[in-house]
Amino acid sequence: MASSTATTVLLLVLFACGGATAQVFPRPLFPRAPWNFTLPTGPGDTGGSGATTGGGPSVPAMFVFGDSLTDNGNNNDLNSFAKANYLPYGIDFAGGPTGRFSNGYTMVDTIAELLGLPLLPSNTEASSAESGAGALQGVNYASAAAGILDNTGQNFVGRIPFNQQIKNFQTTLNQIRGKIGAGKLSSSLGRSIFYVGMGSNDYLNNYLMPNYNTRNQYNGDQYSTLLVQQYTKQLTSLYNLGARRFVIAGVGSMACIPNMRARSPTNMCSPDVDELIAPFNSKVKGMVNTLNVNLPRARFIYIDNFEMISEILRNPFNYGFSVVDRGCCGLGRNRGMITCLPLLRPCPNRSTYIFWDAFHPTDRVNVLLGKAAYSGGTDLVYPMNIQQLAAWQP
């Protein structure tokens, strides 16, 4: 317990020192865009039973690469300050804390269930299974504090950058190949879903951190170009390993997360942060278009997490939320200065909160996002949704 408390104090120092200063702009923070799909609504959209399917899986497997928004325990055994394998994390998850940075489900948990798959094992769990058997329906390689760039998140010490996550996937392939053979593996990979959600930490825990020199080396546009160039190479590496159906998640709005509000003495959002990530999201969407043209028999889709989160923040009551400006678990202003401590008592009415801690959404939001990504219109998931991607014939 003392070690966990010390960890959180260090995180407080890092978060309090980092990032952009909160500013108030005289325009709407989340301008309304035209919609052709409505996010699921109402308090009944909870984790677990909120996602249901009929029949067998629609794809052989799903492989997940990402950061703390999708990590399900890969940092648990690392010498890392970015961990969530203690209560009250997982308070609403069957079995309790797993390493998910949520009170319950993550977005990819919902997507897995909608695809008819079981909840994916972490890479740590799958690697311990005999002869790769634990990886046959997919693996989650995501790691809290990880980024597109290898040096992103180094303030947290241990984490698994995207490049290393890809290497871990190669190890998984070797295990599965030995079990089912190269031909069957290639066919299975071609029909499997590859979910990739990277970039948040390259801003929060790199560009916006004062102990990094990144802002002195690149302006915002140059930095987004650097990230997308590297991202393109990494995704191409996955393609060369056999991946064909890619789900690329954009970076969600970060202006109003509790940690950003906590930095403002007037409890205001920081639109300058969202302005910084906008070029990245735009270029990632362009990257998706380019890869769809350049990589034969592959399909890339883009999830507009920014617009999804913005819609919930614009109209929280439409989705059953009444608390938008603070975390359910945390300390300090907006419960966003210190993220969720071990055994800290969270809010009792978690289903009414958008944010679980200083940085991450509640599982109710994650379920909404997962359902929208699975069956949403092209204003949310472009050029097709995950359900259509699963059925796509090259």
Side-chain angles (χ1 to χ4, degrees), residues 59-68 70-78 80 99 108 111-112 115 117-153 158-199 201-202 227-249 287 291 294-300 389 394:
V59 294
M62 180 167 74
F63 298 92
V64 174
F65 304 82
D67 50 33
S68 60
T70 50
D71 188 352
N72 65 344
N74 285 303
N75 281 18
N76 290 355
D77 296 330
L78 298 182
S80 175
V108 294
I111 293 171
L115 289 168
L117 296 169
L119 298 187
L120 304 178
S122 66
N123 182 54
T124 303
E125 294 171 318
S127 298
S128 64
E130 183 179 354
S131 301
L136 292 179
Q137 289 188 290
V139 178
N140 186 330
Y141 302 93
S143 170
I148 294 169
L149 302 181
D150 286 345
N151 69 334
T152 287
R159 76 276 182 215
I160 308 168
F162 190 21
N163 282 324
Q164 183 60 49
Q165 291 181 34
I166 295 171
K167 292 178 182 177
N168 292 344
F169 172 63
Q170 289 180 277
T171 300
T172 298
L173 292 185
N174 292 334
Q175 293 174 331
I176 299 177
R177 188 179 295 110
K179 186 172 183 65
I180 68 174
K184 190 173 180 180
L185 172 61
S186 177
S187 174
S188 177
L189 289 178
R191 293 179 290 120
S192 296
I193 297 293
F194 286 75
Y195 178 102
V196 185
M198 305 296 298
N201 286 314
D202 293 290
L227 291 177
V228 173
Q229 287 174 342
Q230 177 68 7
Y231 210 6
T232 301
K233 294 177 183 177
Q234 292 163 328
L235 294 173
T236 302
S237 294
L238 284 176
Y239 172 85
N240 290 335
L241 291 169
R244 292 297 181 267
R245 300 171 197 243
F246 292 83
V247 178
I248 310 300
M287 174 192 72
L291 292 174
N294 292 343
L295 298 182
R297 301 181 66 81
R299 180 63 66 188
F300 290 75
L389 179 66

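The chain is numbered in sequence order, starting from 1.
- Between the CZ atom of F65 and the CD1 atom of I248 there is a distance of 10.0 Å, given to the nearest 0.5 Å.
- Judged purely by atom type and a 3.5 angstrom limit, S187 has no side-chain atom pairing as donor or acceptor with the backbone of G183.
- With hydrogens and angles disregarded, no donor-acceptor distance shorter than 3.5 Å links the side chain of S188 to the backbone of K184.
- Note: M62 CE to Y195 OH = 8.5 Å, rounded to the nearest 0.5 Å.
- Shown are R299, R245, R244, R191; of these, the side chain to side chain contact (heavy atoms under 4.5 Å, CB included) with P394 is made only by R245.
- In this structure a side-chain-to-backbone donor-acceptor pair under 3.5 Å is missing from Q234 to F162.
- Formation of a donor-acceptor pair under 3.5 Å by the R159 side chain with backbone atoms of G147 is not found in this model.
- A donor-acceptor contact shorter than 3.5 Å is absent between the side chain of S80 and the backbone of N76.
- In terms of heavy-atom proximity, L117 sits nearest to V59 at CD2-O, 3.7 Å.
- A ring-ring contact (aromatic ring centres under 6.0 Å, His included) with F194 is found for exactly one of F169, Y239, F300, namely F169.
- Taking CD1 of I166 as the reference point, atom OG1 of T171 lies at 12.5 Å (rounded to 0.5 Å).
- The shortest non-hydrogen separation linking L241 to L189 is O-CD1, 3.6 Å.
- Panel note: side chain N163, backbone D150; no donor-acceptor pair is recorded below 3.5 Å.
- With hydrogens and angles ignored, the 3.5 Å screen pairs a side-chain donor or acceptor of N201 with a backbone N or O of A146.
- Distance alone, capped at 3.5 Å, is enough to place a donor-acceptor pair between the N72 side chain and the L120 backbone.
- Between the S127 side chain and the N123 main chain, a donor and an acceptor come within less than 3.5 Å of each other.
- Closest of all the heavy-atom pairs between M287 and Y231 is CE-CD2, 4.0 Å.
- A side-chain donor-acceptor contact under 3.5 Å links D71 to the backbone of A144.
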Would Q170 and N174 count as a side-chain hydrogen bond (donor to acceptor under 3.5 Å, both in side chains) if you check the C-alpha gap in whole Å, the side-chain angles of each, and the deciding distance to 0.1 Å? CA-CA 6 Å; Q170 289 180 277; N174 292 334; over 6 Å; no
Check step by step if side-chain hydrogen bond (donor to acceptor under 3.5 Å, both in side chains) holds for N75 and S143. CA-CA 6 Å; N75 281 18; S143 170; 2.6 Å; yes
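- In this structure, L291 and L235 approach most closely via the heavy-atom pair CD1-CD1, 4.1 Å.
- The two atoms that bring T70 and A142 nearest to each other are OG1-CB, 3.2 Å, heavy atoms only.
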Verdict with supporting geometry, Y141 and S122, side-chain hydrogen bond (donor to acceptor under 3.5 Å, both in side chains): CA-CA 6 Å; Y141 302 93; S122 66; over 6 Å; no
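- Between the CD atom in E125 and the CG atom in N74 there is a gap of 8.0 Å [rounded to 0.5 Å].
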Starting from the C-alpha separation in whole Å, work towards a yes-or-no answer on side-chain contact (heavy atoms from CB on, under 4.5 Å) for I193 and I111. CA-CA 10 Å; I193 297 293; I111 293 171; 5.8 Å; no
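- Here CD of Q137 is found 11.0 Å from CG of L115. Values are rounded to the nearest 0.5 Å.
- To the nearest 0.5 Å, atom CG of residue L173 and atom CG of residue N168 are 11.0 Å apart.
- Between V196 and V247, the closest side-chain pair of non-hydrogen atoms is not below 4.5 Å.
- Closest approach of L389 and F246 over heavy atoms only: CD2-O, 3.8 Å.
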